[in-house]
There are 2 protein chains.
Amino acid sequence: MAGSTSSEHGRLIRKMETIAVLTEPEKAALAGLPMRLKDFAEDTDLVREGDTPQECCLILEGFICRYKLLGQGQRQIFSFHLPGDIADLQCLQLSVMDHSVGALVPGRCAYIPHTALRELTDRFPAIAAAFWRDILIDAAIFREWLAGVGRRTAHQRIAHLICEVCTRLKSLKLIDDHVFDLPVTQAELGDALGLSTVHVNRVLQDLRRAGLITSKGRRLVIEDWPKLQEAGDFDPAYLHLRAPEGR
Amino acid sequence: MAGSTSSEHGRLIRKMETIAVLTEPEKAALAGLPMRLKDFAEDTDLVREGDTPQECCLILEGFICRYKLLGQGQRQIFSFHLPGDIADLQCLQLSVMDHSVGALVPGRCAYIPHTALRELTDRFPAIAAAFWRDILIDAAIFREWLAGVGRRTAHQRIAHLICEVCTRLKSLKLIDDHVFDLPVTQAELGDALGLSTVHVNRVLQDLRRAGLITSKGRRLVIEDWPKLQEAGDFDPAYLHLRAPEGR
DNA sequence: CGTGTTATTGACCAACATCAAACTTAGTGG
DNA sequence: CCACTAAGTTTGATGTTGGTCAATAACACG
């Protein structure tokens with residue numbers, strides 16, 4: 001815990017700052033958190049339904065999702081997570097996982113012992129509050145997805161998701177324009193949005209044809225943000241971002 | 001804070017006990033919470049999207065839901081709440097509401113000032129933890145609904161919801177068999193499950209014809225729990241109930 | 001260059017939506 | 001106790017979104 005902060009801890013601190021204002025001692029405490037680093041391959045489960053983990057999993061690099069397999073072998077993806085997110089913060093309070101956390105691309109994460117996190121939240125109520133906020137924002141995103149899958153058309157859902165990911169990347173300062181990687185297959189998009197792969201493909205083509213987006217490989221460019229936002233009925237209020245996060 | 005506990009506070013304590021073990025001092029503190037009682041009529045909003053409440057709303061009597069209106073005038077219901085639930089616990093941390101809380105039938109609630117709740121959570125970490133747990137369970141229910149709307153058929157979704165409500169009522173000891181009131185119109189069921197009213201109606205008829213349920217008015221009887229549970233792909237694990245809650 | 005994964009296409013189909021009307025039920029007031 | 005009314009439920013006919021299946025084309029990688 002010298003003066004310098006590792007890039008791993010920096011990721012976490014930057015993320016925390018998108019949801020709360022941190023004092024120097026709080027940042028220092030975060031920077032002192034013990035971390036067990038781990039590289040992971042594509043399609044690895046970082047945590048699995050039924051597990052009772054003793055550590056939380058901070059994403060450092062990559063793109064991961066939370067999901068559950070249903071009775072008939074179908075999959076529902078609940079959320080995507082970006083570097084800086086702690087994907088299983090919930091297991092601090094709910095010991096047994098009711099869903100899994102899986103990597104969509106190779107990446108790197110840091111396991112942080114529950115004991116260290118508990119000590120941190122005991123010493124710094126502001127950090128506890130920030131975690132609490134984070135979990136609530138998580139839930140707000142579930143609600144928004146629920147609204148999408150329940151009541152929005154396939155076109156709206158896909159446009160909405162693209163807007164959401166872009167907005168979150170910007171708030172984390174991982175990008176500053178409307179160009180980013182969406183390292184997700186169309187099948188995975190379907191599992192997140194409650195659509196078939198084929199339909200995802202067709203809708204994406206529509207959005208491209210309409211000039212709202214372009215994409216080569218996983219690189220995605222939002223060509224017309226206002227129209228995409230409108231097409232997706234997207235209002236970022238539910239993300240509860242601290243800073244105004246621009247269009 | 002005499003020895004006796006009002007029935008209002010009792011409701012809250014009973015609910016809290018479904019998610020955590022409480023000591024006597026903790027129960028006493030809950031019993032001492034200031035409450036502003038209010039009766040409400042059907043179709044009233046108790047809290048509205050965009051509000052920044054200074055009180056939380058504890059349900060004492062009735063059946064309420066959280067919902068959001070979407071761009072095209074459609075409605076998505078996110079959750080149903082039973083007596084004992086604090087429907088907008090989240091506004092303790094996220095000041096502005098991103099959705100509304102509405103009454104489906106006349107009932108009664110108690111508004112509890114945020115200040116009192118904050119003082120409580122400061123003094124009793126176990127209560128803070130219980131609130132935290134409650135919010136996480138809330139999120140788990142959103143995920144389960146998301147999985148339903150995304151990947152389950154209309155028949156599964158409806159069966160699943162009936163199982164869920166019954167299970168939660170039992171955990172709150174508001175019923176002890178498989179008979180209960182579901183004071184919700186078919187239109188409202190549709191808004192919760194992402195279905196049209198007409199389709200809800202037809203599926204309910206199917207479930208009745210198959211002998212899984214019967215209903216007269218809002219009174220619903222689960223005639224064949226094992227089959228209904230199977231039809232709904234229902235596994236109560238996601239509710240994270242403390243006590244084993246019956247078959 | 002193969003080889004496996006992902007994207008794209010086409011033909012066809014099913015689940016569920018929409019629209020509109022009729023029927024029930026539960027209140028309400030006389 | 002009986003009309004009257006409004007809300008909710010049920011039914012039928014018809015339409016559409018999006019699913020399924022199966023084949024082909026594009027890539028990415030060793």
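Per chain, numbering begins at 1; letters A, B, ... match sequence-line order. All values reported here derive from a predicted model rather than from experimental measurement. Atom set for the values below is all heavy atoms of this structure, side chains included, hydrogens, waters and symmetry mates excluded.
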Worked check of side chain to side chain donor-acceptor pair (under 3.5 Å) between B/Ser79 and B/His81: CA-CA 7 Å; B/Ser79 61; B/His81 291 277; 2.9 Å; yes
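Ring-plane geometry between A/His178 and A/Trp225 is classed as parallel, the angle between the planes falling under 30 degrees on a 0 to 90 degree scale with a further cut at 60.
Of the residues listed (B/Leu204, B/Thr153, B/Ile213), the one engaging B/Ile158 in a side chain to side chain contact (heavy atoms under 4.5 Å, CB included) is B/Leu204, and it is the only one.
Side chains of A/Arg208 and A/Thr214: a donor-acceptor N/O pair is absent below 3.5 angstrom, by distance only. In this model, no donor atom of one side chain and acceptor atom of the other lie less than 3.5 Å apart for A/Ser196 and A/His199. Between the side chains of B/His160 and B/Asp233, no donor-acceptor pair of N or O atoms lies under 3.5 Å.
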Protein heavy-atom contacts under 4.0 Å, written 5' to 3' over nucleotides 2-16 of chain C as B (base), S (sugar-phosphate only) or - (none), form the string ----SSBBBB----B
Across nucleotides 23-28 of chain C, 5' to 3', mark each nucleotide with B, S or - according to how protein heavy atoms within less than 4.0 Å reach it. ------
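The distance between the ring centers of B/Phe142 and A/His99 does not fall below 6.0 angstrom.
Rounded to whole Å, atom P of D/dG19 lies 10 Å from atom CG of A/Leu193. The distance between atom CD of A/Gln74 and atom P of D/dG19, rounded to the nearest whole Å, is 11 Å. Whole-Å rounding puts the A/Gln156 CD to D/dT17 P distance at 12 Å. Per the geometry, CG belonging to A/Leu189 stands 13 Å off P belonging to D/dG19, to the nearest Å.
Figure legend: B/Arg75 and B/Tyr67 shown as a cation-pi pair, the cationic atom lying under 6.0 angstrom from the six-membered ring centre and within 45 degrees of its axis.
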